[in-house]
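So the structure is just underneath, and the comments pick up after that.
Side-chain atoms are counted along with the backbone in the values below, which use heavy atoms only and exclude waters and symmetry mates.
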Amino acid sequence: MHDGSPELGLVLTGGGARAAYQVGVLKGIAELLRRGGGCPFPVITGTSAGAVSAIALAADPAHFRRAVYAIERVWRDFRVHHVFKADAVTMVGSGLRWLLALATGGWLMHPPKALFDNSPLWTLLRGKLNFDGIPRGLYKRHLHAIGVSATSYSSADSVTFFAGQGAIEPWSLAFRCGVRAHLTLDHLMASLSMPFLFRPIALQGQYFGDGAMRQTSPLGPAVHLGANRLLIIGVGDPDMPGIGMRDPRLEPTFGQMFGFMLDSLFMDQLRADLERITRANQTPGARRIDWMIITPSRDLGEIARRHRRELPRGLRALLRTMGANNSAGTQLLSYLLFERGYTRELIALGQSDALARAEELRGFIGGDCADRQRVDGAA
């Protein structure tokens with residue numbers, strides 16, 4: 001049980017397969033804390049792939065290490081076919097449907113709703129996540145609040161669906177709001193629905209997609225839910241390399257542009273939000289928000305390039321056609337490489353990065369917030 005007013009919040013950003021890095025960081029944190037303890041984060045928020053770990057932690061908040069190890073077991077054995085259908089027949093069929101729809105202007109066949117069919121992910125998460133544990137954790141006060149963000153295609157707002165103890169009020173600000181909800185798999189899948197890749201999800205009479213699309217303040221939900229200290233686990237590369245064009249005179253491929261779009265989607269707003277909070281903390285009388293961020297110490301695109309042959313042949317062919325299978329197009333690859341060789345290396349990297357900052361993490365989780373605000377997250 002958490003005594004007193006909750007302060008410490010955990011923010012898990014989006015990033016597709018890169019979210020395996022967050023699992024590694026959480027594993028490192030679990031090893032730094034005493035065995036048998038509850039979740040040290042009374043407030044948890046997640047967006048897109050980060051929302052999966054957020055829900056898993058909130059569903060078993062009385063047993064932090066057990067929850068983290070359960071998440072790790074899933075990510076260690078991930079294969080692309082656990083997330084979306086990527087066999088050769090499905091890939092060829094999808095391509096033919098797109099071509100036929102385009103060639104006939106939609107008369108003979110309507111365009112597919114998305115590039116990939118992610119029904120396998122629905123099945124996997126339905127069997128692995130216990131959403132009933134969330135209200136139980138709130139009732140027993142092992143958890144103060146959990147929020148999952150998605151984007152409304154109707155209002156263009158970033159909507160944080162949250163469950164929390166009674167004192168938390170919904171909020172409504174420019175382009176973002178918080179809505180109290182009984183969280184279900186539909187809310188999580190809405191947050192995971194990357195545009196073009198996965199189809200949108202219907203909730204409360206409207207359609208929602210990936211939570212990062214309109215999330216101008218990724219740290220805002222945790223603050224609204226009561227946190228004034230934030231541990232942020234990001235998935236951005238240390239040097240923010242963008243599309244990685246070695247020769248700026250070369251026109252980028254579709255795959256490179258898509259990777260650049262995903263980088264912008266998942267990382268740019270976080271960096272801007274950290275800068276806003278830092279400025280606000282310097283304003284006399286303002287509510288102070290202390291924060292610590294952990295990001296990968298190595299280039300995840302380069303790690304993905306070394307594992308690209310683990311992908312199913314049909315998906316490799318699609319990425320090669322898009323220009324995402326060479327050294328300059330590895331950003332997109334790093335988001336889609338749901339294969340165990342890659343995810344295990346990211347878990348190991350996250351764990352190593354967390355343990356390298358063991359003293360700093362223990363101090364921050366314990367309440368020592370002095371001089372820990374830096375954007376790059378380097379040790």
Side-chain angles (χ1 to χ4, degrees), residues 14-20 47-52 74-75 77-102 106 109-128 150-151 153 185-203 207-213 235 253-263 265-266 301 304 307-325 329-340 342-343:
R18 289 177 171 225
T47 300
S48 193
V52 177
V74 174
W75 280 92
D77 294 323
F78 244 140
R79 304 297 300 274
V80 165
H81 67 258
H82 293 147
V83 182
F84 54 86
K85 295 180 180 180
D87 58 278
V89 173
T90 300
M91 290 287 97
V92 171
S94 178
L96 290 175
R97 283 195 298 273
W98 277 103
L99 287 174
L100 186 58
L102 291 172
M109 180 174 290
H110 292 294
K113 300 294 185 182
L115 186 61
F116 299 124
D117 176 357
N118 67 340
S119 56
L121 185 59
W122 282 85
T123 302
L124 175 69
L125 295 179
R126 187 177 289 113
K128 296 293 184 181
T151 301
Y153 283 110
L185 182 57
D186 286 349
H187 295 95
L188 175 57
M189 294 304 296
S191 185
L192 287 166
S193 294
M194 283 193 284
F196 307 115
L197 299 184
F198 305 135
R199 65 182 305 168
I201 304 299
L203 280 171
Y207 281 92
F208 289 84
D210 196 284
M213 283 192 289
V235 296
T253 66
F254 179 79
Q256 288 171 267
M257 290 187 289
F258 207 160
F260 181 81
M261 182 196 77
L262 293 177
D263 273 355
L265 195 68
F266 293 122
H307 290 278
R308 66 183 184 274
R309 294 192 177 278
E310 297 173 18
L311 286 171
R313 185 174 300 176
L315 184 55
R316 284 207 312 271
L318 174 63
L319 292 174
R320 184 166 56 249
T321 303
M322 296 168 61
N325 212 23
T330 53
Q331 295 306 103
L332 176 57
L333 185 65
S334 71
Y335 290 102
L336 298 180
L337 218 167
F338 291 95
E339 291 291 337
R340 56 192 173 196
Y342 176 63
T343 59

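Note that CG of Leu337 and CD of Glu310 are 6.5 Å apart. Values are rounded to the nearest 0.5 Å. Taking NE2 of His307 as the reference point, atom OG1 of Thr343 lies at 9.0 Å (rounded to 0.5 Å). The structure places NE2 of His187 at 11.5 Å from CD1 of Ile201, a figure rounded to the nearest 0.5 Å.
When all heavy atoms of Gly16 and Phe338 are compared, the closest pair comes out as C-CZ, 3.7 Å. Shown here for Tyr342 and Ser334, the closest heavy-atom pair between the two residues is OH-O, 3.0 Å. Thr151 approaches Asp210 most closely through the heavy-atom pair OG1-O, 2.7 Å. Heavy atoms only, all atoms of each residue included: Leu333 and Arg308 are closest at CD2-CB, 3.4 Å. When all heavy atoms of Lys85 and Ser119 are compared, the pair lying nearest together is CE-OG, 3.6 Å. Residue Ala19 comes nearest to Ala49 through the heavy atom pair CB-CB, 3.6 Å, listed as atom of the first residue, atom of the second, then distance.
The shortest distance between side-chain heavy atoms of Leu125 and Leu192 falls below 4.5 Å. Asp186 has its side chain within reach of Trp122: a pair of non-hydrogen atoms, C-beta onward, lies under 4.5 Å apart. Residues Met213 and Tyr153 form a side-chain contact, since some pair of their non-hydrogen atoms from C-beta on lies under 4.5 Å apart. With a 4.5 Å cut-off on side-chain heavy atoms, Leu121 and Met189 count as touching. Under the 4.5 Å side-chain criterion, counting only non-hydrogen atoms from C-beta, Glu339 is in contact with Pro312. For the pair Val52/Lys128, no side-chain contact is recorded, criterion being any heavy-atom separation below 4.5 Å from C-beta on.
The backbone N or O of Gly211 lies less than 3.5 Å from no partner atom in the side chain of Ser48, so there is not a single donor-acceptor pair.
Within 6.0 Å of atom OH in Tyr207, 12 or fewer heavy atoms from other residues, nucleotides or ligands are found, so the atom counts as exposed in its surroundings.
Ring geometry for Trp75 against Phe78 counts as perpendicular: the plane angle is over 60°, on a 0 to 90° scale with 30° as the lower cut.
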